[in-house]
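We count ligands from 1, going down the list as the structure has it; atoms in each ligand are counted the same way. The first residue in the sequence is number 1, and the count goes up from there. All figures in this text were calculated on a predicted structure; none of them were measured in a lab.
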Amino acid sequence: MAGPLATLAELRRSLEAGELTSAALVDASLERASATDAGIHAFLQLRAEAARAAAAEADGRRAEGRVRGPLDGIPVAIKDNMVQRGEPATCASRILEGFVSPYDATAVAKLEAAGAVVVGRTNMDEFAMGSSTEHSVTGPTRNPWDSRRSAGGSSGGSAAAVAAGIVPAALGSDTGGSIRQPAALCGVVGMKPTYGRVSRWGLVAFASSLDQIGVFARTAAGAAELLQAIAGHDPKDSTSLPEPVPRYADALDGDVSGLVIGLPREYFALEGAEPAVLEAVREAVAELERGGAKVREVSLPHTRHAVATYYLICTAEASSNLARYDGVRYGRRVGSSGGLTEMYRRTRSEGFGSEVKRRILLGTYVLSAGYYDAYYRKAQQVRTLLRRDFEQAFRGCDVIVSPTAPELAFPLGSRTEDPLRMYLSDVYTVSASLAGLPGLSVPCGFQAGLPVGLQLVGPPLEEARLLRVADAYQRRTDFHLRRPPEAP
Ligand code: GLN
């Protein structure tokens, strides 16, 4: 069977040493996908022909000494909610069936400009709404560590593709945890940058004030390289930040001495957190202490309101963003013979799945004239309080550490009938999203053969700090080197 691909750094070294061509590497990635993906369903689409052509070009550049950088010729995957010219983008929804993008998302264009080869588009919860990748019209992504369990979501396809060694790195999107949570459940590194650090141009909008593109890789070093390629200002996204992008690789010096780790007391008292997860996180903190870090208790007093606040704001924004799928402008159209209203009704009834409909209904409700003040305005006020909690906490520490997810990968089907329980998977991740802060999940242990993730959250634009800590941690541990049994 085609074996798993090595890490980004190893592959790059092999390309540089001439031991490997990009053509061979892309073939290996596609073979790995055909050997493993029937059981995982990480991909919605593989673009074998286009990827092979791009690989041949990368090899040509290398032969002529025109290498574009560390990603040149490296196969990557992208989540199906970022557009690429000439390719479908379905967001795992029926309503976008048949849509082919006329343009490139900025993050995808930047990856390609860096020479990376997009081999395929990954599965996700419909419109990125979910925490398990089960709300995909094509069926769930299975966790490579145990195929009866969820890969997490909504970027479960990207996380599983990296965990299964089909690609060394992938892009995902994170609105309330959709990169960090599946990274934790699949045992890979996942990073959501500061809101505005990566352009959202060409990312299909779910909740625009929260959505952010980010990266998956096996190591923090790999995540740093991918982020380097996609970060930066973009005039096409008015919320994109103008600040210059530092050289992330320079931060990876393995040094955490003197670093002050903040442990939010509220996070360790949350109901529903699995003891095994908390134990692995405590052990990871102890490892960082052995490396010279100091630990301090901090407080994020409004934590108990975070999930409710997130679900009011994200559903409000989703109900507005998804109004554009009307059968006229994009993708699928149903019932055009019955008049305009009938066409809207049938297109949307048949095009959206139940979780998307639930969110549109909730969002329309919280924005309605009678309830706006009670729910939407209140949620915005609490969002400000949550942001201030972090500002206060970061006066006393450099990074905030917690579990990424309260649980290990859960059995498929165990949460889908209970949306509130599914929403609670996001307790540790939504606060950083509401505050616009960077967050990273790094593998920090195993319990019953399933990976546990450690979440690091930093002040705005401190991606380099999170990458430094995660890299230092990976130099001291080997959790990221284990291979999932179902994708050996
Ligand atoms: N699980 C969260 C939700 O369902 C987060 C999703 C995301 O980050 N895209 O909204």
Which atoms of ligand 1 are found less than 4.0 Å from any heavy atom of [X]?
X      : result
Ala128 : 6 (C), 7 (C), 9 (N)
Arg359 : 3 (C), 4 (O), 10 (O)
Gly176 : 5 (C), 7 (C), 8 (O)
Met129 : 4 (O)

With heavy-atom distances below 4.5 Å as the criterion, would you say the side chains of Thr90 and Glu97 are in contact?
no
Determine whether Thr36 and Ile166 make a side-chain contact, defined as any pair of heavy atoms from C-beta on separated by less than 4.5 Å.
yes
Checking [Y] against [X]: is there a side-chain donor and acceptor pair closer than 3.5 Å?
X      : Y      : answer
Ser132 : Ser150 : no
Asp211 : Tyr195 : no
Arg200 : Gln212 : no

Write out the residue and atom name of the closest protein heavy atom to [atom], then the distance separating them to 0.1 Å.
atom                   : result
atom 3 (C) of ligand 1 : Tyr311 OH, 3.2 Å
atom 2 (C) of ligand 1 : Asp426 OD2, 3.1 Å
atom 5 (C) of ligand 1 : Tyr310 OH, 3.2 Å
atom 6 (C) of ligand 1 : Ser178 OG, 2.8 Å

Which bit of [X] gets closer than 4.0 Å to ligand 1, counting heavy atoms only: side chain, backbone, both or neither?
X      : result
Ser154 : side chain
Thr175 : both
Tyr423 : neither

If you count heavy atoms of other groups shown closer than 6.0 angstrom to NZ of Lys357, is the number above 12?
yes
Give yes if a backbone or side-chain nitrogen or oxygen of [X] is under 3.5 Å from a nitrogen or oxygen of ligand 1, and no if not.
X      : result
Phe206 : no
Ser131 : yes
Gly177 : yes

Can the ring centres of Tyr376 and Tyr371 be said to be less than 6.0 Å apart?
no
Are Phe206 and Phe127 close enough that their ring centers fall under 6.0 Å?
no
Decide whether a cation-pi geometry holds between Arg415 and Phe410; the criteria are a distance under 6.0 Å from NZ or CZ to the six-membered ring centre and an angle within 45° of the ring axis.
yes
